[in-house]
Amino acid sequence: MPDDFSTSDRRQFLTSSLRVAGALTAAATGGFLAGRRGSASETRWQIDPNKCIACSRCASACVLDESAVKAVQCFDMCGYCDICTGYFDPTYLRIDTAAENQMCPTNAVIRTFVEEKAGQRFYEYTIDSQLCIGCGKCVKGCALMNGSLYLQIMHDRCVNCNECAIGVSCPTQAISRVSAERPYRAKRLAGILMRQKAERFNESAARTFVDHSSEP
Amino acid sequence: MTNQQDFRGWLIVAALSGAVGASALLVARAEPQWLNRGPASARSPSLDLRALMHIDPRLICFAQTHQFPVELAEPCGIAVADDGTLYVVGDQRLVILTTEGTITQRVPLEGRPTCVGVSGPSQVLPRRVYIGFAARVDVLDSSGNLVASWRDLGQDALVTSIASGPEHVYVADAANRVILRCDFEGKVLARLGAADALHDAHQFVVPSAHFDVAVGPDKLILVANPGARRIEAFSPDGTLESYWGSSSSQVEGFFGCCNPAHFAVLPDGTFVTSEKGVFRVKVYGAGGEFQGVVAGPAQLGIMAGELGSNESPGLATFDVAADRQGRVLLLDARECCVRIFERNRATHGEKS
């Protein structure tokens with residue numbers, strides 16, 4: 001067999017392989033994204049944080065062993081306070097990170113020092129979603145002051161049951177179906193703040209938040 | 001023989017089991033530290049706020065004597081004039097009431113008010129009513145006629161409290177965390193708490209839109225620094241003279257991240273504070289020593305389940321004022337009414 005035929009076949013083979021691999025990758029990515037975000041006609045379960053009373057049933061009623069509900073933080077509403085009522089138990093003994101002073105039963109609220117200003121120490125409070133069980137204890141504590149913490153169904157965990165077991169047990173009917181394209185719901189004030197940020201300052205994070213949030 | 005050995009074996013097993021069971025029972029009853037990582041309530045997945053509801057009845061030194069509605073859906077500010085006339089703002093209205101609670105006037109306002117203040121009889125412009133809005137102050141005469149509108153208070157101002165002194169009007173701006181010292185024409189003369197690159201200026205910590213100011217009987221400017229859980233006293237030139245207050249979930253201290261939300265000064269210099277979140281109204285001496293409780297959540301008709309509620313009244317706060325008779329006037333934003341409290345005679349007798 002002449003050498004030029006052999007070279008031509010190899011090239012053809014490589015080109016075809018790349019074309020097939022590219023097509024498969026594109027199809028896989030498209031399918032994955034479509035599956036993750038859903039189409040306009042599809043719906044997902046979500047909590048309306050304006051109706052939620054943080055009763056802790058989300059932690060136990062979900063069909064998953066570890067609830068799909070997690071606490072989230074709206075930093076624009078947070079005061080970065082030294083004494084966070086979503087972090088410290090009301091009967092705290094000391095202002096430190098010792099377990100007996102923390103409210104969260106799984107220590108999922110992470111307290112990180114930010115700065116000292118005007119004689120006060122400021123802290124950032126974030127949620128470790130791996131540890132959060134969605135009991136809403138921090139949400140209820142935070143609602144005593146600024147109310148920046150709230151509960152949401154996380155769609156990387158939710159299996160989108162026909163009938164949401166948490167929704168059935170929710171005492172305030174806070175769980176309803178929302179568009180799969182906008183599967184999250186903001187607190188009323190958080191929504192206002194984020195829309196202002198997106199419109200006035202064109203912040204990309206705020207725009208992403210607005211794009212993925214349904215109106216309450 | 002074998003049966004006897006079996007019986008002995010069973011007997012030993014039974015005795016050992018009994019001993020182990022009894023030991024476990026004793027250990028469990030002793031509740032050692034390693035068995036519980038913290039108090040049972042602290043590690044529970046539901047938040048029990050009943051402890052915050054409880055106030056020792058012996059600490060309550062005021063009693064409610066009157067209550068009347070204000071005909072506002074969302075009342076937010078109260079002030080009392082020297083003659084006892086009450087000024088309450090909310091919705092888009094100013095309501096003027098007599099001491100007995102009879103509404104004498106309803107004045108429509110342009111926009112949603114945030115607070116109200118009134119000047120005393122001995123001041124340069126007596127009986128002027130100052131109404132705060134997001135970024136302006138409207139000045140009305142005692143009959144509710146608009147006299148002036150101050151709109152040049154600074155960028156993105158959020159007026160949360162107004163206090164009239166003998167020479168100046170003090171306006172609390174929660175957004176910029178400053179107290180504006182204004183003349184009677186509304187010109188800003190100084191900004192107390194403004195960041196100063198050259199000097200180490202005193203700054204306020206205001207995590208939420210609750211920032212109160214008052215003028216004391218000794219003409220000091222009194223400011224609630226909520227993030228520091230303190231009330232601070234400044235001389236008219238802005239020098240910090242003194243401060244008091246501490247953070248605590250106990251009744252003697254100020255609860256949570258940012259309290260007191262509102263305060264007023266009685267004629268004898270005693271402070272009345274109103275806390276958000278836990279709905280406690282308390283009295284402190286002129287030097288900040290805790291004297292007692294005016295009303296707690298139970299006296300205000302708030303149930304334990306309502307504390308930490310996501311909606312109002314969870315985030316509602318009760319503004320407070322004090323009249324010349326030493327009575328405490330509490331604006332109940334939940335019941336949309338004014339509650340008047342008077343010091344218990346027995347308690348008052350003891351104090352005096």
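Quick note on labels: first sequence line is chain A, next is B, and so on, each numbered from 1. As a basis for the values below, the full set of heavy atoms in this structure was taken, side chains included, without hydrogen atoms, waters or symmetry mates. Values in this document were obtained by computation on a predicted structure and should not be read as measured data.
- Separating the OG atom in B/S208 from the CG atom in A/N146 is a distance of 5.0 Å, to the nearest 0.5 Å.
- Annotation for A/G79 and B/P207: closest pair CA-CB, 4.0 Å, computed over non-hydrogen atoms.
- Enclosure of atom CD in A/Q130 is not indicated, since only 12 or fewer non-hydrogen atoms of other residues, nucleotides or ligands lie within 6.0 angstrom.
- When all heavy atoms of B/G227 and A/D82 are compared, the closest pair comes out as O-OD1, 4.4 Å.
- Considering only heavy atoms from C-beta on, A/K117 stays 4.5 Å or farther from B/V205 through its side chain.
- The 12-atom threshold is exceeded at CG of A/D96, counting heavy atoms of other residues, nucleotides or ligands nearer than 6.0 Å.
- Between A/Q120 and B/N225 there is no side-chain heavy-atom pair separated by less than 4.5 Å.
- Taking every heavy atom of both residues into account, A/G141 and B/L47 meet most closely at N-CD2, 3.5 Å.
- The CG atom of A/L144 sits 8.5 Å away from the CZ atom of B/F279 when rounded to the nearest 0.5 Å.
- Contacts of A/F122 with chain B are made by side-chain atoms alone, with heavy-atom separations under 4.5 Å and no backbone atom involved.
- Nearest heavy-atom pair, B/G277 versus A/M145, reported as atom, atom and distance to 0.1 Å: CA-CE, 4.2 Å.
- Within a 6.0 Å sphere centred on CD of B/E252, heavy atoms belonging to other residues, nucleotides or ligands number more than 12.
- The neighbour count for A/E163 CD, taken as heavy atoms of other residues, nucleotides or ligands under 6.0 Å away, does not exceed 12.
- We find the OG-CZ distance between B/S247 and A/F88 to be 10.0 Å, quoted to the nearest 0.5 Å.
- Residues B/F255 and A/T85 meet the side-chain proximity criterion, which asks for heavy atoms closer than 4.5 Å.
- Nearest heavy atom pair, residue B/S249 against residue A/T91, reads OG-CA, 4.4 Å.
- Proximity to chain A is limited to the side chain of B/R229, based on heavy atoms less than 4.5 angstrom apart.
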